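Every chain is numbered from 1, with letters handed out A, B, ... down the list of sequences. Keep in mind that what you see is a predicted model, and the values were worked out from it rather than measured.
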Number of protein chains: 2
Amino acid sequence: MSTPVDIILKRNQLSITDSRKKILELFVNNSGALEHADIEKKTGEKFDRVTVYRTLQSFLEKGIIHTIPTSDNSVRYALCKDDCKEGHHHDNHVHFLCNECHTTMCLEDVTIPEVKLPVGFQPAEYQMVVSGTCKECR
Amino acid sequence: MSTPVDIILKRNQLSITDSRKKILELFVNNSGALEHADIEKKTGEKFDRVTVYRTLQSFLEKGIIHTIPTSDNSVRYALCKDDCKEGHHHDNHVHFLCNECHTTMCLEDVTIPEVKLPVGFQPAEYQMVVSGTCKECR
DNA sequence: ATTTCATTTGCAACTTTGTTGCATTTATAA
DNA sequence: TTATAAATGCAACAAAGTTGCAAATGAAAT
């Protein structure tokens, strides 16, 4: 039988391994974004650091997850809602960073507004992160 | 005599030292944002890594520079246009990241548009980064 | 100009984070 | 069940960031 996680892996031509299943499950079951350290903790350091790096890398390449810009030196990943085209996907939603619980989440329903750039600037991608207090913490 | 850089330091109650002068000059003379590694390179590794970290930290605390969100694990800093209030400053402009020359720059004239968040979300700060091709590279 | 004193710097030692090559293990398909 | 390509874990490393402390320096007062 195929679990939801297996289906995602298959659809992206990734072989179904223990680490990929466990790590992808984390994203599916977590509403917020995860960074490398979170994953190591949540899997109980069951997998090698290298494996986690490589797993995240391949999820990223396949468009299963996307990164969220942060002001610090961490890299945060979140599940792409639906299938994103391999390579370039459309991540046109706003991200929210809660200053209380420090969770980063996707606001799938909030579309990034267009902005008028100075002459000569050719936009390709827009990223927007709003920080403040989230629904749960207020 | 006081150079422009000296004035900025004095205004922020920072003693005028060699490293602070040189590093602040980099920001004043560079249009784009700088990360730690850039600063070490551009100063010719004249200053200890620790000094650079501490200098950036104090500039940040005084509101002389601000960070720009990035999707990777780097931290990019740029000069605050005018005096920002110590601690919380208003960095309500859009940032542009060029995919050709990899420069990150402040678009001071482009204000981040407001977005309507789902009920319960209390915004405090907005960040927006547009990537694409800049004025110089097209 | 000289002295004083708090601040800043550089060094050393360390922790954490991320990378690479390679042998072993595992998943998939024949 | 077996063959084989892919994924994993280990080891060794490289890079990034931190901390404590002694020495050097800047600013203010004499």
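- Where B:S74 and B:T17 meet DNA chain D, the nucleotide closest to each residue was compared, and B:S74 sits on the side nearer the 5' end.
- For the segment residues 38-53 of chain B, residues with any heavy atom less than 4.0 angstrom from an atom of DNA chain D are, sorted by number, B:R49, B:V50, B:Y53.
- For the pair B:D72 CG and C:dT17 C1', the interatomic distance rounds to 14 Å; values are reported in whole Å.
- Between B:L9 atom CG and D:dA27 atom C1' the separation is 14 Å, expressed in whole Å.
- For a distance-only test at 3.5 Å, the side chain of B:R54 fails to qualify as a donor-acceptor partner of the base of D:dG17.
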Result block: side-chain N/O donor-acceptor pairs under 3.5 angstrom for residues 104-111 of chain A, not counting sequence neighbours:
from   : atom 1 : to    : atom 2 : distance (Å)
A:T104 : OG1    : A:R76 : NH1    : 2.3

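- Nucleotide C:dT16 holds its P atom 15 Å from the CD atom of A:E35, rounded to whole Å.
- Residue B:N73 has a polar side-chain atom (N or O) positioned under 4.0 Å from OP1 or OP2 of C:dG18.
- Atom-to-atom, CD1 of A:I16 to C1' of D:dA7 comes out at 14 Å; the value is rounded to the nearest Å.
- Taking atom CD of residue A:E61 and atom C1' of nucleotide D:dA6, one finds them 14 Å apart after rounding to whole Å.
- The aromatic rings of A:H36 and A:Y53 sit parallel, their planes meeting at an angle under 30°, below the 60° perpendicular limit.
- In this structure, A:T70 contributes its side chain and A:S74 its backbone to a donor-acceptor pair below 3.5 Å.
- Listed for the B:D38 side chain is a donor-acceptor partner under 3.5 Å among the backbone atoms of B:E35.
- At the phosphate of C:dT8, neither OP1 nor OP2 sits under 4.0 Å from any side-chain N or O atom of B:S19.
- With rounding to whole Å, A:H36 atom NE2 is found 16 Å from D:dG17 atom P.
- Within the 3.5 Å criterion, the main-chain N or O of B:S15 finds a donor-acceptor partner in the side chain of B:R20.
- Side chain of A:N12 to backbone of A:I8: a donor-acceptor contact under 3.5 angstrom is found.
- Summarising the geometry, the separation between CD on A:Q57 and P on C:dT17 is reported as 18 Å, rounded to the nearest angstrom.
- Put simply, CG on B:L56 is 15 Å from C1' on D:dT18, counting in whole angstrom units.
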Output a table of donor-acceptor pairs, distance under 3.5 Å, between side-chain atoms of residues 41-52 of chain A and any protein atom two or more places apart or on a different chain; print 'none' if there are none.
from  : atom 1 : to    : atom 2 : distance (Å)
A:T43 : OG1    : A:I39 : O      : 2.8
A:T43 : OG1    : A:E40 : O      : 3.2
A:K46 : NZ     : A:D18 : OD2    : 3.4
A:D48 : OD2    : A:V50 : N      : 2.9

